[in-house]
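Remarks on the structure that follows.
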Amino acid sequence: MTNRYAVIGNPISHSKSPQIHMAFARQTDQDMQYEALLAPLDGFQSAVNAFRLQGGSGMNVTVPFKQEAYQLATDLTERARIAGAVNTFKFENDRILGDNTDGAGLVKDITVNLKTPITNKSILLMGAGGAARGVILPLLEQQPAGLVIANRTPHKAQILQQQFAAFGRITAREYLALSGESFDIIINATSASLNDALPELPPGIFTHDTLAYDMMYSIEPTRFLNYAAQQGAQQLADGIGMLVEQAAESFYLWRGIRPETQNIIANLKKSDA
Ligand code: ATR
């Protein structure tokens, strides 16, 4: 029987997830379908339930529904519970398992694809919204020398710092208070790139060796990546590798098989070029 999966979000038409999962399915010989579903902003729960009742086996959840997905899950993996957000559902009878594969996808992209160890490195995470929250625990599990969270609204970074303090060395700072420091890895988890904006960063935080990573992807380099390059950073990455790796982690949860990802990342980069 063909198993059905979908990504649900709003907007959804530009999602690359169907393309990625169908490539995984061909590669691993899985009998499955994967579609994109647009849910009304006030209709997430009923769209998920309709898909389940039609025989759906699992879903990916994207902006802006990850927190609502967390509420809807009947069971949570530990990483989803701690993140407070869900990007993957697995449907089992009347249960809905909620997982969060975003952080694992980011860590795999940085450490394996970009060959940049996180252990003992200094990390700056920009942003304190849902995207940032989802990746903090997996980053801390790599035991960086320190993880600094900076956010335009400082108290949100402080709340995350308090919440994750038990899991590793984490501090909260305002952007301009970063003056005089530099970092091995700087990750943009703000939604500023969506509006072609950039948080107010002091000069000097990037070095030649800094990896600048924008969790967003777009055809043109984001303002963050352009700024990092101007500041001398030579290693620049957008979120396409993370997108494929989080998808691979969801696919593993559903199908029990880990697909190969490098060729798919390379093909997606080529088709955007
Ligand atoms: P997401 O789920 O994408 O994380 P979110 O929860 O709305 O979305 O969070 C957006 C993040 O981007 C926040 O950290 C926000 O900063 P504030 O908490 O101060 O609002 C950050 N952000 C968005 N636009 C920004 C901008 N122009 N400059 C700096 N930070 C910005």
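Counting starts at 1 for both ligands and their atoms, in listed order.
- Atoms of ligand 1 found under 4.0 Å from any heavy atom of Thr153 (numbered from 1 in listed order, with element): 17 (P), 18 (O), 19 (O), 20 (O).
- In terms of protein heavy-atom proximity, atom 9 (O) of ligand 1 is nearest to Gly129 CA, 3.4 Å.
- Near Lys156, with a cut-off below 4.0 Å to any heavy atom, the atoms of ligand 1 are 17 (P), 18 (O), 20 (O).
- Heavy-atom contacts of Ala197 reach the following atoms of ligand 1: 27 (N) (cutoff under 4.0 Å).
- Checked by atom type, the side-chain pair Asp214/Ser193 shows a donor-acceptor distance below 3.5 Å.
- The protein heavy atom nearest to atom 14 (O) of ligand 1 is Asn151 OD1, 2.7 Å.
- Considering backbone and side-chain atoms together, Gly127 places no N or O closer than 3.5 Å to any N or O of ligand 1.
- To the nearest 0.5 Å, atoms CD1 (Ile123) and CD1 (Ile118) are separated by 5.5 Å.
- Checked for salt-bridge contact, Glu181 and Arg173 meet the test: a charged N lies under 4.0 Å from a carboxylate O.
- Heavy atoms of Thr190 found under 4.0 angstrom from ligand 1 belong to the backbone as well as the side chain.
- Distance CG/Asn87 to OG1/Thr101: 3.5 Å, rounded to 0.5 Å.
- Atom 7 (O) of ligand 1 is never approached by the protein to below 4.0 angstrom, counting heavy atoms only.
- For atom 28 (N) of ligand 1, the nearest protein heavy atom (residue, atom name, distance) is Arg152 NH1, 3.6 Å.
- Taking the six-membered ring where the residue is Trp, Phe91 and Phe89 present tilted rings, their angle falling between 30° and 60°.
- Of all heavy-atom pairs spanning Asp102 and Met242, the tightest one is O-CE, 3.4 Å.
- Of all non-hydrogen atoms in Ile205 and Thr210, the two that sit nearest each other are O-OG1, 4.2 Å.
- In terms of protein heavy-atom proximity, atom 12 (O) of ligand 1 is closest to Ser191 N, 3.0 Å.
- Considering backbone and side-chain N/O of Gly130, one or more are found under 3.5 Å from N/O of ligand 1.
- Within the 4.5 Å cutoff, no side-chain heavy atoms of Val86 are placed close to those of Asn100.
- Interface atoms of ligand 1 facing Pro199, defined by a heavy-atom separation under 4.0 Å, are 28 (N), 29 (C).
- Salt bridge Glu141/Arg79: absent, no basic N to carboxylate O contact under 4.0 Å.
- Close contacts between ligand 1 and Ala131 involve ligand atoms 1 (P), 2 (O), 4 (O) [criterion: under 4.0 Å to a heavy atom].
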